[in-house]
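The model shown is predicted, which means the values in this text are computed figures rather than measured ones.
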Amino acid sequence: MEAKSEIYSQGYRKWEGERKQHTPPWFLIGQAGIANIMDSSGKKTKFLFSALFLFFYVGAFVVTVLRLQAAALRAVPAIAPFVEIIDQLNPNQPEMWWHAQMLSTPTATFAFIAMILYGSQLIAKDKAANALQIYFSKAVTRTDYLAGKLFSIGLILALATLGPSAVTLVVGLFVTPDFTLYLSQAWYVPFIVLAFWLFYTITYGAVILAFSASQTSSMRAAIMFFGFLMASELVPLLISQIIGANDFISALSWSDAVQGVGHALLNQEAADGGLFFWRCITVTIYTVVAMVFLSRRIEPVAVVS
């Protein structure tokens, strides 16, 4: 017979010789990371991001209604000019095409800004407050800790990827004049967007967390990350000026490589196979190196018995 423990009311399910938490540690760590970021953000920063995302989401809503209800809205004089603008973009494109146009560049821009402002804080602040010793003195592994921090990155990036895509799909389901046709074009969109979100979470997350783990100051981590981005842009440019441009040299730019692979993922095709190959190699190398560095910088602290 299963015996309930005295600490059942404190969040533990049962007692079987060890305490088992109801909530996974990585989830709690990720949740705490987001809470700390929100607490440290000023009112002006919160207002700016809220206004930008409100504009982005409203834009996704309006464009979806205009392109799917073009025939009906063209009869409304005040709305007809906007319908004509959408017509120039070729509204007969498949649903995935619209999601690719909506997500590719905005996600790259948002990831750059958000990682500098917020991602740089996630580990640096823990190290500054000596919180790693507290984390690892509990039933938390290094994997739990890193997964929690990546979860925080994922929640931030979801605002620019999963959120607007979900708004577009839900609105589309309600306003489409041909439900069957829309569903036949849109059923696989969530899977592609989810893969796109995971790709950005892992690539940007690994690199920014590596810089954050190397410092006890989030400001220094942000500056180093910005310097890394600038160097990864300038070095290939300088090399191409000396020996000439080719796919290998062009792919050395990390941010361009991430954006290029993400764009190909959304469009389900690569415009240049050779460049795409080297971009995949670049992204993989940077991500693996960042993960190895993280695994060495985040070490559990031995607890004295």
Name the one of Tyr200, Phe196, Phe276 that satisfies side chain to side chain contact (heavy atoms under 4.5 Å, CB included) with Val261?
-> Phe276

Is Phe277 linked to Val283 within one hydrophobic cluster, defined over Ile, Leu, Val, Met, Phe, Trp and Tyr using a side-chain heavy-atom separation of less than 4.5 Å?
-> no

Side chains of Ser120 and Phe211 in contact at under 4.5 Å (non-hydrogen atoms) = no

Donor-acceptor contact below 3.5 Å, side chain Ser184 vs main chain Leu181 | yes

Sequence neighbours left out, what pairs pass salt bridge (charged side-chain N to carboxylate O under 4.0 Å, His left out) with at least one residue falling in residues 114-131?
-> Asp126-Lys149

Using distance alone, with no hydrogens and no angle criterion, decide if Asp144 and Thr141 have a side-chain donor and acceptor under 3.5 Å apart.
-> yes

Would a 4.5 Å heavy-atom cut-off, applied to side chains only, mark Trp98 and Gln185 as touching?
-> no

Just wondering, more than 12 heavy atoms not from Tyr188 lying within 6.0 Å of its OH?
-> yes

What residues, two or more places apart in sequence or in another chain, satisfy side-chain hydrogen bond (donor to acceptor under 3.5 Å, both in side chains) together with Asp39?
-> none

Angle class for the Phe228/Tyr286 ring planes (parallel below 30°, perpendicular above 60°, tilted otherwise)?
-> perpendicular

Do the side chains of Pro164 and Phe53 get nearer than 4.5 Å, heavy atoms only?
-> no

Measure the CD1-OG1 distance between Ile156 and Thr201 for me, rounded to the nearest 0.5 Å.
-> 9.5 Å

Donor-acceptor under 3.5 Å (Ser165 side chain, Leu162 main chain) | no

May I ask you to test the Leu294-Ile123 pair for a side-chain heavy-atom distance under 4.5 Å?
-> yes

Taking it one step at a time, do Glu233 and Ser255 satisfy side-chain hydrogen bond (donor to acceptor under 3.5 Å, both in side chains)?
-> CA-CA 8 Å; Glu233 290 289 331; Ser255 57; 2.6 Å; yes

Among all residues two or more places apart in sequence or in another chain, which pass the side-chain hydrogen bond (donor to acceptor under 3.5 Å, both in side chains) test with Thr105?
-> none

Would you mind reporting whether Met230 and Phe226 have side-chain heavy atoms less than 4.5 Å apart?
-> yes

